[in-house]
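Working notes, beginning with the structure itself.
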There are 2 protein chains.
Amino acid sequence: MPKEARPGTGEQAKQHALVHLRQAILHGDMAPAQRLVENELAEQFGVTRASVRAALIELESEGLVERIRNRGSRVRVVTVEEAVAITECRMVLEGLCAAKAAVEASEDQLDQLTDLGTAMAKAVAGGEPLVYSRLNHELHDRIREFSGQQVAVGLLERLNGQLVRHRFQLALRPGRPQQSLSEHLAMIESIRARDPQAAEAAVRTHLAGVIDALRQ
Amino acid sequence: MPKEARPGTGEQAKQHALVHLRQAILHGDMAPAQRLVENELAEQFGVTRASVRAALIELESEGLVERIRNRGSRVRVVTVEEAVAITECRMVLEGLCAAKAAVEASEDQLDQLTDLGTAMAKAVAGGEPLVYSRLNHELHDRIREFSGQQVAVGLLERLNGQLVRHRFQLALRPGRPQQSLSEHLAMIESIRARDPQAAEAAVRTHLAGVIDALRQ
DNA sequence: GAGAACAAAATTGTTGACAATCTTGTTGGA
DNA sequence: TCCAACAAGATTGTCAACAATTTTGTTCTC
């Protein structure tokens with residue numbers, strides 16, 4: 001257990017604990033369902049228990065941590081059914097963002113999407129699933145960003161945080177990149193065409209595909 | 001300032017503070033942008049400051065409270081643009097729920113919706129906007145409930161909490177009930193017809209109308 | 001050997017006090 | 001009069017100790 005010491009650089013203790021603990025969970029350093037004992041975390045991050053507590057409360061409402069009265073906290077495990085339900089919500093919310101982006105995005109931003117599309121095609125052709133996965137994320141991020149829909153972006157970030165584990169599993173599945181590439185290109189195309197309805201439909205088709213893949 | 005005393009009935013102090021503070025905000029007892037000083041709240045609810053703190057952190061991530069480092073908390077004010085953005089998200093999420101409900105609801109549940117519809121028509125005919133507003137809420141609640149989509153329900157509850165003030169304002173606008181009644185009846189009708197696409201479209205039409213009303 | 005009652009350990013919940021930070025009001029000088 | 005520096009007050013952030021609760025291990029009885 002490495003003791004990450006960097007307590008008093010002016011950075012608030014609670015923020016320190018919050019950022020590091022969130023990253024640890026998202027990065028997969030904490031096993032699923034692992035117990036999170038406040039004392040241990042406090043020592044590990046070099047802050048007091050109160051700060052860890054505050055961080056855990058916040059992570060609970062982000063859906064990353066599960067807390068039970070007098071029983072402690074643990075990394076929340078997302079079942080496949082939950083992952084499906086989450087992705088259904090993503091489907092409609094990202095659909096909204098894509099529709100907005102098709103109207104709001106600047107010409108410059110549309111070019112960025114095109115570039116991402118060609119890079120993704122290249123990654124698939126070259127057989128680089130990890131690169132493709134990274135570009136995949138970036139594409140979804142950009143569309144959200146270009147939509148200007150702050151509320152939806154906030155909700156989606158929270159939802160995506162809960163899916164890290166499942167997404168990793170999905171990215172490395174053989175044949176999956178090939179299947180999703182055309183869907184992604186269709187999304188880009190309809191946004192470029194400034195057609196909000198087509199953009200929303202394309203995003204939905206894509207994420208419906210993701211749901212099918214999750215269920216297998 | 002009434003001192004609500006009921007500290008140690010076995011109920012956890014933090015939960016006590018959380019429930020009461022949330023209700024106070026939702027019920028409108030706290031003025032918008034009102035400062036929330038931890039010490040005052042602690043005394044008012046008969047709990048310690050730490051419990052109030054924990055409650056405030058949770059309410060912040062629910063979007064009901066705004067917290068600034070070393071500067072304190074206040075009731076968050078939702079601008080009209082934010083209310084519109086929130087309602088756009090409601091539009092797609094409730095659309096999802098309605099589509100699910102059209103497939104999943106039992107015959108008994110469909111009858112409940114029909115009853116609500118007739119009650120709403122009666123309230124409008126009788127010129128009772130407050131009754132109509134209550135039934136309005138109940139209809140939306142039921143549709144969400146019948147959808148079985150836990151994740152979407154959770155997101156929607158959070159979003160709705162932020163709209164209390166705007167919704168009150170909207171409900172009492174003259175002519176508004178008449179306009180929305182037919183939209184609500186269309187929603188019920190398409191769910192009864194077990195047509196998910198029509199149900200989603202009806203919900204979207206309705207909430208698009210709400211957005212128009214908000215913008216005025 | 002199985003199960004209940006009890007005791008010990010581990011962990012979370014709570015408390016009050018202290019430190020750090022920000023805001024506000026005041027004073028001094030140009 | 002205006003502005004900067006400073007001091008006082010208010011408020012949040014942090015800490016260590018204590019209380020309450022749950023879990024675990026042990027012993028005793030049947």
Side-chain angles (χ1 to χ4, degrees), chain A residues 1 3-22 24-25 30-62 64-77, chain B residues 1 3-22 24-25 30-62 64-77:
Chain A
M1 294 182 201
K3 176 169 180 177
E4 305 196 23
R6 192 178 53 170
T9 68
E11 182 183 347
Q12 298 289 71
K14 179 208 148 190
Q15 288 300 322
H16 182 74
L18 179 63
V19 169
H20 280 256
L21 186 50
R22 184 194 286 125
I25 295 175
M30 307 287 191
Q34 176 175 338
R35 288 201 60 191
L36 300 172
V37 178
E38 297 180 356
N39 257 326
E40 293 177 7
L41 296 174
E43 192 177 359
Q44 189 173 340
F45 294 132
V47 298
T48 52
R49 205 158 69 83
S51 303
V52 172
R53 254 180 109 66
L56 285 173
I57 291 174
E58 199 155 336
L59 289 174
E60 180 189 23
S61 55
E62 285 183 31
L64 293 179
V65 164
E66 201 173 21
R67 274 163 50 88
I68 310 175
R69 253 188 41 166
N70 292 318
R71 297 245 245 138
S73 314
R74 52 180 64 195
V75 179
R76 199 169 88 89
V77 243
Chain B
M1 296 180 202
K3 176 168 180 177
E4 307 195 20
R6 192 178 53 174
T9 69
E11 184 183 346
Q12 298 289 73
K14 179 208 148 189
Q15 287 300 322
H16 182 73
L18 178 64
V19 169
H20 279 256
L21 186 50
R22 184 194 284 126
I25 295 175
M30 306 287 191
Q34 177 174 336
R35 288 201 60 191
L36 300 173
V37 179
E38 297 179 357
N39 258 326
E40 293 177 7
L41 296 174
E43 192 176 359
Q44 189 174 340
F45 294 133
V47 299
T48 52
R49 204 159 69 85
S51 303
V52 172
R53 258 180 101 69
L56 285 173
I57 292 174
E58 199 155 336
L59 288 174
E60 180 188 23
S61 58
E62 286 183 31
L64 293 179
V65 163
E66 202 172 20
R67 274 163 50 88
I68 310 176
R69 249 188 43 167
N70 293 318
R71 295 245 246 141
S73 313
R74 54 178 62 197
V75 179
R76 197 167 88 90
V77 238

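Chain letters run A, B, ... following the sequence lines, proteins first, then strands; residues in each count from 1.
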Figure out the [atom1]/[atom2] separation between [X] and [N], and round it to whole Å.
X     : N      : atom1 : atom2 : value
B/I68 : D/dT12 : CD1   : P     : 11 Å
A/L41 : C/dT11 : CG    : P     : 11 Å
B/R69 : C/dA19 : CZ    : P     : 19 Å
A/N70 : C/dA10 : CG    : C1'   : 13 Å
A/F45 : D/dT14 : CZ    : P     : 15 Å
B/E43 : C/dT15 : CD    : P     : 14 Å

### Message
Going by salt bridge (charged side-chain N to carboxylate O under 4.0 Å, His left out), name the residues that satisfy it together with B/E60, two or more places apart in sequence or in a different chain.
### Response
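Listed in chain order: B/R67.
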### Message
Applying salt bridge (charged side-chain N to carboxylate O under 4.0 Å, His left out), can you list everything that pairs with A/R74, at least two apart in sequence or on another chain?
### Response
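By the salt bridge (charged side-chain N to carboxylate O under 4.0 Å, His left out) rule, A/R74 matches no residue at all.
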I'd like a table of atom pairs between the protein and nucleotides 15-19 of chain D - only N or O on both sides, under 3.5 Å - with the distance next to each one.
{"unit_1": "D/dC15", "atom_1": "OP2", "unit_2": "A/T48", "atom_2": "N", "d": "3.3"}
{"unit_1": "D/dC15", "atom_1": "OP2", "unit_2": "A/T48", "atom_2": "OG1", "d": "2.5"}

What does the list of N/O pairs under 3.5 Å between the protein and nucleotides 5-8 of chain D look like, with a distance for each?
none

### Query
Can a side chain N or O of B/R53 be found less than 4.0 Å away from OP1 or OP2 on D/dT12?
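No, no such contact exists.
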### Query
When you check the phosphate oxygens OP1 and OP2 of D/dT12, does a side-chain N or O of B/R71 lie under 4.0 Å from one of them?
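No, because none of the side-chain N or O atoms of B/R71 sits under 4.0 Å from OP1 or OP2 of D/dT12.
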### Query
Should A/L21 and A/L56 count as side-chain neighbours, where that means a heavy-atom distance under 4.5 Å?
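They are in contact (side-chain heavy atoms under 4.5 Å apart), so the answer is yes.
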Locate the shortest heavy-atom distance separating [X] from [Y]; write the atom from each residue and the value.
X     : Y     : value
B/H20 : B/F45 : CB-CE2, 3.6 Å
B/V47 : B/A17 : CG2-CB, 4.0 Å
B/P32 : B/V77 : CB-CG1, 3.8 Å

### Strand contacts (DNA chain C) in residues 54-61 of chain A, 4.0 angstrom heavy-atom criterion
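Going residue by residue through residues 54-61 of chain A, none turns out to have a heavy atom under 4.0 Å of DNA chain C.
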### Query
Taking only residues two or more places apart in sequence, or in another chain, which ones meet B/R49 in a side chain to side chain donor-acceptor pair (under 3.5 Å)?
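Scan of B/R49 (side chain to side chain donor-acceptor pair (under 3.5 Å), adjacent residues dropped) gives B/E38.
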Return the [atom1] to [atom2] distance between [X] and [Y], rounded to the nearest 0.5 Å.
X     : Y     : atom1 : atom2 : result
A/L64 : A/S73 : CG    : OG    : 12.5 Å
A/R53 : A/L41 : CZ    : CG    : 12.5 Å
B/Q34 : B/I25 : CD    : CD1   : 9.0 Å

Residues which pass side-chain contact (heavy atoms from CB on, under 4.5 Å) with [X], listed by chain and number, not counting sequence neighbours:
X     : value
A/T48 : A/A50, A/S51
B/A24 : B/D29, B/M30
A/E58 : A/K14, A/L18, A/E62, B/I57

### Query
For DNA chain D, which residues in residues 31-39 of chain B have a heavy atom at a distance below 4.0 Å?
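The stretch gives B/R35, B/L36, B/V37, B/E38 as the residues lying under 4.0 Å from the strand, ordered by number.
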